[in-house]
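Letters A, B, ... mirror the listed sequences (proteins, then strands); counts begin at 1. Scope of the values below: all heavy atoms of this structure, side chains included, with no hydrogens, waters or symmetry mates.
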Amino acid sequence: MKWYVIRRVLWAAFASFIILTITFVLMDQVPNQQLMQAEFQAAVNDVDVETAVQAEKERLGLDRPFHERYLDFMTNVFQGDWGWSYEYDQPVVDVVRETVPYSLLYGVPAIVLSTVIGTAIGLYSAVNQYTKKDYAATFAAFFGISIPNFWFGIVLLVVFGSWLGWVPIGWNADIPLAADGSWTLLETAGSDHPAFFRQDFEGERYVGILSPANLKQLILPTFVLMTGAIASVMRYARAEALEYVDADFVKTAKSKGVSNRAIVTKHIFRPASIPLMTILVGRILGLVLFGSYLIEVVFGIPGIGLASFQAIIRQDTDLVAITILLPTFVAIVGNLIEDIMYAVLDPRIDYGDR
Amino acid sequence: MSTRDDTTDVRDVPTERDDQPLLKISNLHTYFRTDSEDVRAVDGVSLTVDPGETVAIVGESGSGKTVASEAITRLFKSPPGYIPEGSIEINGREITDLSDEELRRVRGGEVSHVFQNPQGALNPVYTIGWQIREALQLHADVSKSEARERAVELLTQVGIPEASSRLDDYPHEFSGGMKQRVLIAIALACEPDLLIADEPTTALDVTIQAQILELLAELQEQRDMGMLFITHDLGVVAEIADRVAVMYAGKIMEKGSVEDVFETPAHPYTRALLDCLPGRGGIGGIPGELPDPRSPPPGCRFADRCRHAIDACRTGDQPGMHRVGDAPDHTTSCVHFEPGRDSSTVLDAGSEPAGSPSPPDDLERGGRR
């Protein structure tokens, strides 16, 4: 087991190395925005363009040989120096640190809820295969997969925000924060809190992650992200469970006198959970990260998805690179966890120690 | 045994216990709903098993013998399967109208099953100790350590060496024969009155088969347990069974003691089956196919494949069970054994293979006419 884990970790490190190298080569090929700006400035100021660009190259260290820059890049990545965001005018690390919590705010509940609900519906559907209940669940799943997140988000905003007025239309990024700008679970604040800009009221209101106002504005994005995720978890769970519904060992369990409930939870779900791990960690994580782009744009949530989206539009190269690398590393770590879980859950897997 | 005695007062104890069969199936039907007509897998089967007795059901694949055995504790998938009519009594208690909850106490408690394929019959993600304990704890209020002790005892009884060290092993660490032994241990965990063994040796190789049969016979004798043995192997029947029922297309064709049925096979189907045994000449099998279980033909189900079929075989229902000779329990569902008919047309017919060169010619002539 120990060697198995070590081998998986080494593989993950190797994969990360390859990805970083490819990223570096690609970024090296992209026209450099600062050089273009220097070129433009030189033209405007009527100085020699060639010398200006050369000077800018020297200033940025771009005149050094390829392998030196490559080494620099790798060292910086590992030291947490991920470059400078011109759009935010601060280090990329700080941008990531500020935006990721907003994405987790609706991403984590969406992952947890969609996994639990999706698996439950999938199992139920498999046990009642080809009945009306199964058809209803399958239909709902196809519906969830087919609907594009951004469209569904807009529809929900129009219906529940605009028409019914149950949820706010604009997303208030200050509500989960305390008055001094740090994250807080729940506290009260007066009307001088930034979240209540231009609002006048007596006394204090709740702010923080768990405050009613924050939960209210999280409902729609969480729900939209969940629809697609529930549907795919449900499809996988149903397919995996179906493999075992008619298995001989299920009949053995039934002949022992095991209740239907215990058959589903112990004898069908447990073996089905092994391949399900693959989906839960890998796919769902990817799905959620991918889905967050458009959801954050639609709802105006200042998370990592919105930051990445704007960085692409405004060619903020360093930020683009990092916001694209992050999901990749999450996927690598996710796969690593998945491999280890596999070995823990399935007694048939040989760890192949040495 | 002690746990069993505690529960007897809950069950309605029959008064004439001695001459009451352990299992009594009367006119059992089991159908499966399909989009068109129902598939009649079991179509009127009656059978008894006495305590300590082994009854074998023989028949070819698709004859309904497995469904009949699973219908006893309603193990078949439902829906689509259902029992339109018939009665099943265990120790005098009707169990066809029990609720799922009550039936669960019968399964594994009074009636246990051992299935055909030991490879897939154990849950791959649990240790065998866990799987035996599960059976024990479902039917008796035992602690985990008591159950563990009992599991070791059971595994030793079914012939697994060093049982205590193997409790924490997973099914994939056992061979096929060993898995079947574990499954037998699970089936016997709660001291059932009746063991239903559905082709328990079919998936095993010949040497292991003999060991498992021996083990079953031995355990049955120790416990005075009734056994319903499903098989297509007549050699196994001769070895293990006291009485035998021959099934074909959902009906019982012939039943009687093993000696009677093997010495004086009465029904043409039984005779054809026995002719298929190696060393008896016939190796071509029985020509023809099983009738469509959705719309079985009128009259005897075997008539289309029978050498002795006469017009009376193709009208009305399956013939009733008629006595064969003087044997007390030996009956067959064949018109030639109706009182007043000459049964010797079947009994004295030689055992020359049925697939003689003439039938194809007959067919051709019939086609031109």
Side-chain angles (χ1 to χ4, degrees), chain A residues 1 119 123-135 237 240-278 280 340-353, chain B residues 35 66 69-70 72-80 100-127 130-140 168-173 179 182-183 186-187 189-190 192 195-196 198 203:
Chain A
M1 183 77 179
T119 311
L123 280 178
Y124 180 82
S125 205
V127 176
N128 297 292
Q129 194 192 10
Y130 301 141
T131 62
K132 288 201 177 79
K133 301 160 192 163
D134 176 34
Y135 288 133
E240 283 306 331
L242 273 183
E243 218 170 288
Y244 298 107
V245 164
D246 290 325
D248 282 348
F249 60 76
V250 169
K251 200 157 81 177
T252 307
K254 204 171 167 188
S255 77
K256 282 199 271 187
V258 180
S259 70
N260 286 337
R261 225 183 114 125
I263 284 182
V264 174
T265 54
K266 287 184 182 163
H267 290 272
I268 297 177
F269 175 63
R270 179 64 173 70
S273 70
I274 297 163
L276 274 179
M277 284 306 301
T278 328
L280 299 194
I340 294 170
M341 291 297 281
Y342 242 115
V344 172
L345 283 174
D346 194 338
R348 288 165 297 183
I349 287 191
D350 184 8
Y351 312 127
D353 267 10
Chain B
D35 286 341
T66 292
S69 76
E70 290 181 359
I72 295 170
T73 55
R74 250 187 278 154
L75 279 184
F76 54 78
K77 206 171 177 183
S78 170
D100 283 351
E101 185 67 34
E102 291 166 313
L103 201 59
R104 276 218 308 277
R105 254 168 270 149
V106 176
R107 291 176 187 154
E110 286 168 76
V111 182
S112 279
H113 289 259
V114 175
F115 299 107
Q116 177 173 356
N117 179 12
Q119 295 300 351
L122 286 163
N123 197 320
V125 299
Y126 293 108
T127 62
W130 188 95
Q131 298 188 51
I132 299 174
R133 270 208 315 273
E134 186 187 36
L136 285 165
Q137 289 180 318
L138 278 169
H139 297 282
D168 295 323
D169 284 352
Y170 288 93
H172 69 274
E173 294 166 274
K179 275 186 198 148
V182 172
L183 283 157
I186 291 176
C190 297
L195 179 70
I196 299 172
D198 184 1

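- Neither the backbone nor the side chain of B/Leu103 comes within less than 4.5 Å of any heavy atom in chain A.
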Problem set entry | Verdict with supporting geometry, B/Phe76 and A/Lys251, side chain to side chain contact (heavy atoms under 4.5 Å, CB included) | CA-CA 9 Å; B/Phe76 54 78; A/Lys251 200 157 81 177; over 6 Å; no
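- At a 4.5 Å heavy-atom cutoff, B/Gln116 makes no contact with chain A through either its backbone or its side chain.
- With a threshold of 4.5 angstrom between heavy atoms, B/Arg105 does not approach chain A through any atom at all.
- With a 4.5 Å cut-off on non-hydrogen atoms, A/Thr131 does not touch chain B at all.
- Contacts of B/Ile186 with chain A are made by side-chain atoms alone, with heavy-atom separations under 4.5 Å and no backbone atom involved.
- The choice from B/Ala135, B/Gly108, B/Ala189, B/Pro124 that makes the most heavy-atom pairs within less than 4.5 Å of chain A is B/Pro124.
- Heavy atoms only, all atoms of each residue included: A/Asp248 and B/Gly120 are closest at CB-O, 3.3 Å.
- Of the listed residues (B/Gln119, B/Glu70, B/Glu101), the one with the most heavy-atom contacts under 4.5 Å to chain A is B/Glu70.
- Among the candidates B/Arg104, B/Glu134, B/His139, the single residue satisfying the side-chain contact (heavy atoms from CB on, under 4.5 Å) test with A/Lys256 is B/Glu134.
- Between the side chain of A/Thr252 and the backbone N or O of B/Ala121, at least one donor-acceptor pair lies under 3.5 Å.
- With hydrogens and angles ignored, the 3.5 Å screen pairs no side-chain donor or acceptor of B/Tyr126 with any backbone N or O of A/His267.
- Here the straight-line distance linking atom CD1 of B/Ile72 with atom OG of A/Ser255 works out to 12.5 Å at 0.5 Å rounding.
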Exercise. Hey, mind stepping through A/Arg270 and B/Asn123 against side chain to side chain contact (heavy atoms under 4.5 Å, CB included) and telling me if it holds?
Worked result: CA-CA 10 Å; A/Arg270 179 64 173 70; B/Asn123 197 320; 5.9 Å; no
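- Of the possible polar contacts, none joining the B/His113 side chain to the A/Lys254 backbone as a donor-acceptor pair under 3.5 Å is found.
- Neither the backbone nor the side chain of A/Val250 has a heavy atom closer than 4.5 Å to any heavy atom of chain B.
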